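Input: a single structure, listed below in structure tokens.
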Amino acid sequence: GAVVSQHPSWVICKSGTSVKIECRSLDFQATTMFWYRQFPKQSLMLMATSNEGSKATYEQGVEKDKFLINHASLTLSTLTVTSAHPEDSSFYICSATIIAGERENEQFFGPGTRLTVL
Amino acid sequence: GENVEQHPSTLSVQEGDSAVIKCTYSDSASNYFPWYKQELGKGPQLIIDIRSNVGEKKDQRIAVTLNKTAKHFSLHITETQPEDSAVYFCAASRGNTGNQFYFGTGTSLTVIP
């Protein structure tokens, strides 16, 4: 149980285009979803925290107009990279926390999305 | 805010030997400490976690110890196997739903057959 999926698993796009990444909790309802960015051989960098039905909270230095987050339901959050540029190329990972129960402290991670901007 | 440090950054062990990875944290309010294994090109997978009301937890070849006074916790892998090779991350959290995780910088473990 507690499976998180991401789609697509990888995407290549041209500079200037927008890319949408979906994060779904498949078998549980998630109160909160997190979006991370990871550069090669580095740790996970939290970009934003989103709660269903409310605006995302962005970490310092993350442009909210560039990285649009929508958390429309308890099982789906999307990250849209707008006007992508080569420096946005990275591995994007989402995670979700469960609403209640003995596993409510845990974050369940998706498999990640590799974005390459040409 | 919380600051989590992780050592070593790289670790090579012979198959069958033990591996130990250590993390320290700064926020005394942190009470949930998970460990994640990340294979290349994949998302992190939880391998074991510990809450501040216990000092040690074990799951087969994997164990985690926590010293709240010293604010450090460690991952122990015994009888290592080549498939244990991966990057391992520790994290600390205040433990409430929706609370941010603070990650260590990762340890790249290589198990030599």
Side-chain angles (χ1 to χ4, degrees), chain A residues 1-6 9-10 21 23 28-52 54 56-60 71 74 90-116, chain B residues 1-11 21 23 25 29-54 57 59 64 66 85-110:
Chain A
V3 178
V4 176
S5 70
Q6 278 184 246
S9 56
W10 59 270
I21 302 170
C23 176
F28 66 98
Q29 291 185 320
T31 48
T32 304
M33 288 185 169
F34 300 87
W35 285 96
Y36 294 86
R37 185 174 180 177
Q38 188 177 35
F39 292 106
K41 298 186 178 181
Q42 293 191 21
S43 189
L44 286 76
M45 183 189 80
L46 181 65
M47 299 175 66
T49 303
S50 75
N51 292 290
E52 182 262 341
S54 61
T57 302
Y58 290 81
E59 294 300 300
Q60 192 172 8
H71 194 157
L74 286 172
S90 191
F91 194 51
Y92 292 87
I93 309 171
C94 72
S95 71
T97 55
I98 207 163
I99 283 183
E102 63 180 35
R103 304 188 71 179
E104 65 181 26
N105 292 351
E106 298 178 32
Q107 283 190 28
F108 303 97
F109 284 85
T113 296
R114 171 74 58 193
L115 170 64
T116 302
Chain B
E2 174 68 282
N3 181 45
V4 178
E5 295 188 357
Q6 183 172 346
H7 299 281
S9 57
T10 60
L11 179 61
I21 303 170
C23 287
Y25 62 100
S30 290
N31 57 12
Y32 177 64
F33 307 93
W35 285 89
Y36 290 89
K37 176 183 180 182
Q38 187 178 28
E39 297 177 339
L40 193 63
K42 297 183 179 180
Q45 284 194 308
L46 178 71
I47 55 171
I48 197 167
D49 57 10
I50 192 167
R51 288 168 171 77
S52 59
N53 57 345
V54 297
K57 184 177 178 181
D59 183 4
V64 56
L66 170 65
S85 297
V87 178
Y88 291 82
F89 292 98
C90 64
S93 165
R94 290 192 173 187
N96 295 325
T97 300
N99 267 4
Q100 181 176 344
F101 278 20
Y102 295 88
F103 284 90
T105 48
T107 297
S108 178
L109 173 65
T110 302

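In what follows, chains are A, B, ... by sequence order, proteins preceding strands, each numbered from 1. Because the structure is a prediction, the values reported are computed rather than measured.
Residue-environment remark: CD (B:Q45) stays at or below the threshold of 12 foreign heavy atoms within 6.0 Å.
Proximity to chain A is absent for every atom of B:P34, based on heavy atoms less than 4.5 angstrom apart. Heavy atoms of A:F108 lying under 4.5 Å from chain B are absent altogether. Using a 4.5 Å cut-off between heavy atoms, B:Q6 makes no contact with chain A at all. With a 4.5 Å cut-off on non-hydrogen atoms, A:Q107 touches chain B through its backbone and its side chain both. For A:Q6, no part lies under 4.5 angstrom from a heavy atom of chain B.
Every residue meeting the ring pair (Phe, Tyr, Trp, His ring centres under 6.0 Å) condition with B:Y32, not counting sequence neighbours, appears here in chain and number order: B:F101. Taking the ring pair (Phe, Tyr, Trp, His ring centres under 6.0 Å) definition, one finds that B:W35 meets it with B:F73, sequence neighbours left out.
Side-chain contact between B:I21 and B:C90: absent, with no pair of heavy atoms (C-beta onward) separated by less than 4.5 Å. Between A:C23 and A:V4 there is a side-chain heavy-atom pair separated by less than 4.5 Å.
Between chain A and the options B:G106, B:S108, B:G41, the largest number of non-hydrogen pairs under 4.5 Å is found for B:G41. Top candidate by heavy-atom pairs under 4.5 Å with chain B, chosen from A:R114, A:E59, A:M45, is A:E59.
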Show your reasoning for whether ring-ring contact (aromatic ring centres under 6.0 Å, His included) applies to B:Y102 and B:Y25. CA-CA 9 Å; B:Y102 295 88; B:Y25 62 100; over 10 Å; no

